[in-house]
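Single-structure report; data block below.
Every value quoted in this text rests on a predicted model; they were computed, and no experiment measured them. In what follows, chains are A, B, ... by sequence order, proteins preceding strands, each numbered from 1. Just the heavy atoms: all of them, side chains too, but no hydrogens, waters or symmetry mates, feed the values below.
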There are 2 protein chains.
Amino acid sequence: MANPLVRKLEHGAPLSDEEKDALAKLMVGARPVGAHEDLIAEGDAPEHVHVVLEGFACRYKMLPDGGRQIMAWLVPGDFCDLHVSLLGEMDHAIATLTPSVIAFLPRNGLEVLAEDHPTLTRALWWATLVDEAVLREWLVNMGRRPSPQRIAHMFCEVRARLHAVDLAPDAIMEFPLSQTDLADSAGISSVHVNRVLQQLRDEGLITWRGGVLQVLDVGALEAFAGFDANYLHLKGPPASHAH
Amino acid sequence: MANPLVRKLEHGAPLSDEEKDALAKLMVGARPVGAHEDLIAEGDAPEHVHVVLEGFACRYKMLPDGGRQIMAWLVPGDFCDLHVSLLGEMDHAIATLTPSVIAFLPRNGLEVLAEDHPTLTRALWWATLVDEAVLREWLVNMGRRPSPQRIAHMFCEVRARLHAVDLAPDAIMEFPLSQTDLADSAGISSVHVNRVLQQLRDEGLITWRGGVLQVLDVGALEAFAGFDANYLHLKGPPASHAH
DNA sequence: ATCGCATCTTAACCTATGTTTGCAAGCGAA
DNA sequence: TTCGCTTGCAAACATAGGTTAAGATGCGAT
């Protein structure tokens, strides 16, 4: 099974085999990381580019009162800090949410490779523009959707994103977040997350036990949440490779 | 007084006089637009790049139930649709909030110019990464700050951003949004916006009448809101040019 | 000057969500 | 097995913010 980074970037631009190989070879130092560990702190200017290969990580900020807001989920194939160098330093932190595997790409190597391969450059910028689009949808989610729809929408999105890297073939996926992590993502309290989950289960939309999330009826959940995948910009048919 | 686009981009990279001139010359078709007019619709693939020269515009999405969520304020110097071509089409709409002046840059011309001027390319990408950083902070704002702090934070941010293009020298600025627009930005109802504004006025933090917003004590408002400008990445001293 | 429409303001009432707390269930370590 | 910790669940209560509706105010057009 190919590298999730490559699988993801193929949604953004048609990479040649040479480009895919070069990218995969650039990826070094894959290492396992436990749950709830910081990978990058606010204010850092990381030397290498980090990529999630397995598990879930997140972007987050802490507030003075101790509150935490998670601003993005990073799933396999996602970059943590692709273009920080343009901004100078991180304005937020990155942490794992579950046990994960994280790899590095030497920043120089990646830049050199990108210079020689405009299509690759395009794919990398595509990925950051999609990150931005996701952020916009999260903002809509927070601002205008009541919490049951909000959580449902987040489930629809992970399903679609994991599906795009072949990790949710049957709408069944590894999703070992805690309810507290979900609360800090949705901007509500963890006890309210619990209430909402009861409701989603009662309505037969999902099951979620032992870190495994199953969407029982994708259409029904998407209708309930008002989910439309257009903002993920997964143009082509998702990950239908020849084997 | 120089072009606000140029003034803004100078925060991102040190542009040569030639680059500044070329950019300014590329900007054509400045035209006035009334308040609350759509500039770009969801699904469009705009041929030219739009820039706000005067007034306020916004990014927004409508929801099935008629709700509107504003996801970004566009102030003079901001791009509306710089890199859409990489994503194919707009996943959200753009509208004016107040009477504005909008200019265009031919997409081809801009691409050619950027190819010859790596520093300019850098400045353009810097601008989109800052947009993303602002979006992240808005998400934190929505998720974790109670509405008085949330509105206050938005005021701190516009002040800083307008200041960066020399449009809020004394913490006094043109800000002719309606309370409804503010509500759709903050994810609360317009009557609650009104309640919150009373409070901010009562506490002597701001005045806002006749479309003019004055921050009475920048330090106090920023402390109240928990505002830290780092996410705007305005490295250098804001807009202190020789004349 | 006055009419008409936007916007702002206020009030009364309602509901979603937060807070606090206690307990149960799961699970890894000794 | 038992201990200890984290996570999930539930109930009682408190409150921020939503909804509706009705005046007030300002302002452009005639």
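Dashed line: the shortest gap from a side-chain N or O of A:Arg201 to OP1 or OP2 of D:dC9 is under 4.0 Å. Residue A:Gln198 has a polar side-chain atom (N or O) positioned under 4.0 Å from OP1 or OP2 of D:dA10. Listed pair B:Ser189 / D:dG17 fails the phosphate criterion, with no side-chain N or O lying under 4.0 Å from OP1 or OP2. Listed pair B:Arg150 / D:dA16 fails the phosphate criterion, with no side-chain N or O lying under 4.0 Å from OP1 or OP2. At the phosphate of D:dC9, OP1 or OP2 sits under 4.0 Å from a side-chain N or O atom of A:Asn194.
Atom CG in B:Leu97 sits about 15 Å away from atom C1' in C:dT7, given to the nearest Å. When the P atom of C:dG26 is taken as reference, atom CZ of A:Arg209 falls 8 Å away, rounded to whole Å. If you measure from atom CE of B:Met142 to atom C1' of C:dT17, you get 16 Å, rounded to the nearest angstrom. One can place CH2 of B:Trp208 at 15 Å from C1' of D:dG26, the figure rounded to the nearest angstrom. Look at CG on B:Leu177: it is 18 Å from P on C:dA6, rounded to the nearest Å. Atom CZ in A:Arg144 sits roughly 8 Å away from atom P in D:dG18 (whole-Å rounding). Note: CD (B:Gln199) to P (D:dA16) measures 10 Å, nearest angstrom. The distance from atom CZ of A:Arg195 to atom P of D:dA11 is 11 Å, rounded to the nearest whole Å.
Of the candidates C:dT17, D:dG17, D:dA11, the closest approach to any side-chain atom of B:Ile188 belongs to D:dG17. If you check C:dC8, C:dG18, C:dT10 against the side chain of B:Ser178, the one that comes closest is C:dC8.
A parallel orientation is assigned to the rings of B:Tyr231 and B:His153, their planes being inclined by less than 30° (bins at 30° and 60°).
The CD atom of B:Glu137 lies 10.0 Å from the CD atom of A:Gln69; values are rounded to the nearest 0.5 Å.
Residue B:Arg145 is out of contact with every strand shown, counting any heavy-atom pair closer than 4.0 Å. When heavy atoms are screened at a 4.0 angstrom cut-off, A:Gly187 is found touching the sugar-phosphate backbone but no base atom.
Of the two residues contacting DNA chain C, namely A:Ser147 and B:Gln179, the nearest-nucleotide position lying further toward the 5' end is that of B:Gln179. Between A:Gly210 and A:Val191, the one whose closest nucleotide on DNA chain C sits nearer the 5' end is A:Val191.
In this structure, the ring of A:Phe175 has its center less than 6.0 angstrom from the ring center of A:Phe155. B:Phe104 has its ring centre less than 6.0 Å from the ring centre of B:His50.
In this entry D:dT25 has no Watson-Crick or G-U wobble partner, no candidate having both defining distances under 3.5 Å.
Between the side chain of A:Arg107 and the main chain of A:Leu82, a donor-acceptor pair closer than 3.5 Å is present.
Base orientation of C:dA6: syn, since the glycosidic angle falls within 90° of 0.
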Going through the distances and angles, do A:Arg68 and A:Asp181 end up as a salt bridge (Lys or Arg N to Asp or Glu O under 4.0 Å)?
-> CA-CA 9 Å; A:Arg68 174 179 67 151; A:Asp181 291 332; 2.8 Å; yes

